[in-house]
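Right, one structure below, let's go through it.
Positions are given from 1, in the same order as the sequence printed here. Below, each value reflects all heavy atoms present in this structure, side chains not excepted, and no hydrogens, waters or symmetry copies.
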Amino acid sequence: MKKIISNKDIKDWQNFINKSDKLEDKDSRPEKNSINRMEKTLDLHGCTLKNANIIANEFIKSCFSKNIIKIKFITGKGSRSKNKENPYQSEKLSILKHSVPEYIKSNSELMRLIKFINEDEINDPMQGSFEIYLKKFKE
């Protein structure tokens, strides 16, 4: 089936390509950029517990200094964790999903930067991520 282009469409196209006006750059709209600057995601899949805590620590501090307001931490659900090999960890709990938020909560320096940690997401067995909300950076 061949589509026929109408004379109106041809005329509209000619007017468009002959215009001297520039098109608006949608990627430079302030509202889009401000959303990107306000939310960040950190994927911790594959990290060891020690590295995940170090990365989370630095990422929170960096985001706070850039006035990011929300961070989504992707930890995974822990369904493939090999925590049976470590007798000090419960085989019912995932490694990063619970330990990274506990590390954050136990770090008073980080907690001064944090407004809210979404505990519901941490406790939900169907979630492999959680969000924290940061306070506003004041220079």
Side-chain angles (χ1 to χ4, degrees):
M1 182 162 137
K2 198 171 186 177
K3 231 179 187 182
I4 300 174
I5 301 172
S6 71
N7 287 335
K8 182 187 179 318
D9 287 341
I10 294 171
K11 184 178 176 186
D12 287 345
W13 179 249
Q14 289 298 322
N15 287 339
F16 173 75
I17 60 174
N18 292 327
K19 261 187 176 178
S20 61
D21 297 343
K22 288 188 175 184
L23 288 176
E24 177 188 6
D25 181 4
K26 292 180 182 178
D27 292 333
S28 67
R29 286 184 181 167
E31 59 273 8
K32 180 171 178 153
N33 286 338
S34 64
I35 290 170
N36 289 339
R37 277 188 249 135
M38 296 173 77
E39 299 179 12
K40 292 289 180 187
T41 300
L42 179 62
D43 190 340
L44 296 171
H45 275 110
C47 290
T48 64
L49 179 57
K50 182 179 179 180
N51 285 344
N53 290 338
I54 291 168
I55 292 167
N57 186 324
E58 294 304 315
F59 195 73
I60 291 169
K61 290 176 185 176
S62 172
C63 287
F64 178 77
S65 68
K66 296 174 184 169
N67 267 328
I68 306 293
I69 59 168
K70 181 170 93 171
I71 304 172
K72 181 175 190 162
F73 288 87
I74 300 174
T75 59
K77 297 175 192 173
S79 57
R80 289 177 284 211
S81 294
K82 295 183 172 84
N83 33 2
K84 289 182 183 179
E85 297 168 8
N86 186 342
Y88 299 104
Q89 295 172 339
S90 167
E91 73 182 70
K92 294 180 181 171
L93 295 178
S94 57
I95 295 173
L96 296 179
K97 181 178 178 181
H98 295 280
S99 60
V100 171
E102 284 304 315
Y103 167 78
I104 293 168
K105 288 188 272 186
S106 69
N107 186 319
S108 59
E109 181 185 2
L110 291 179
M111 287 307 293
R112 278 187 236 125
L113 311 177
I114 295 171
K115 186 187 297 185
F116 175 74
I117 298 175
N118 191 333
E119 297 285 338
D120 293 339
E121 292 175 335
I122 297 166
N123 297 323
D124 183 351
M126 299 307 291
Q127 287 277 6
S129 64
F130 68 94
E131 294 174 343
I132 66 169
Y133 295 83
L134 300 176
K135 294 177 181 175
K136 212 160 176 61
F137 176 71
K138 296 173 185 158
E139 291 185 51

Please round to the nearest 0.5 Å and tell me the distance separating atom CH2 of Trp13 and atom CG of Asn18. 10.5 Å
When hydrophobic residues are tied together by side-chain contacts of less than 4.5 Å, even through go-betweens, does Phe59 share a cluster with Ile74? no
Please find the pair of heavy atoms, one from His45 and one from Gly76, that lie closest to each other, and give the distance. NE2-CA, 3.5 Å
Flag side-chain contact, heavy atom, 4.5 Å: Asp124 against Asp120: no
If you draw a 6.0 Å radius around CD1 in Ile5, do more than 12 non-hydrogen atoms from other residues or ligands fall strictly inside? no
Shortest non-hydrogen contact from Leu42 toward Ala56: CD2-CA, 4.1 Å
What's the shortest heavy-atom distance between Ser99 and Leu49, and which atoms? OG-CD1, 2.8 Å
At what distance, to the nearest 0.5 angstrom, does CG of Leu96 lie from CG of Leu44? 6.0 Å
Examine distances only and state if a side-chain atom of Ser62 and a backbone atom of Glu58 form a donor-acceptor pair shorter than 3.5 Å. no
For Lys105 and Glu102, which heavy atoms make the closest approach, and how far apart are they? NZ-OE2, 3.1 Å
Check whether any side-chain heavy atom of Met111 sits under 4.5 Å from a side-chain heavy atom of Ile117, and report yes or no. yes
Measure the spacing between CD1 of Ile122 and CD of Gln127 and express it to the nearest 0.5 Å. 10.5 Å
Indicate yes or no: at least one non-hydrogen side-chain atom of Asn118 is less than 4.5 angstrom from one of Ile132. no
Carefully, step by step, assess Lys19 and Asn15 under the rule side-chain hydrogen bond (donor to acceptor under 3.5 Å, both in side chains). CA-CA 6 Å; Lys19 261 187 176 178; Asn15 287 339; over 6 Å; no
Please determine whether the number of non-hydrogen atoms from other residues, nucleotides or ligands lying under 6.0 Å from atom NZ of Lys61 exceeds 12. yes
Give the ring-plane orientation class for Phe73 versus Phe130, where under 30° counts as parallel, over 60° as perpendicular and anything between as tilted. parallel
Taking 4.0 angstrom as the limit, do Glu121 and Lys72 come out as a salt bridge? no
First locate atom NZ of Lys70, then atom CG of Leu134, and finally report the distance between them rounded to the nearest 0.5 Å. 11.5 Å
Atom CG of Asn107 and atom CG of Leu113: how far apart are they, to the nearest 0.5 Å? 8.5 Å
Any donor-acceptor pair under 3.5 Å linking the side chain of Asn123 with the backbone of Glu119? yes
Nearest-0.5 Å distance that lies between atom CD1 in Ile55 and atom CD1 in Ile60: 12.0 Å
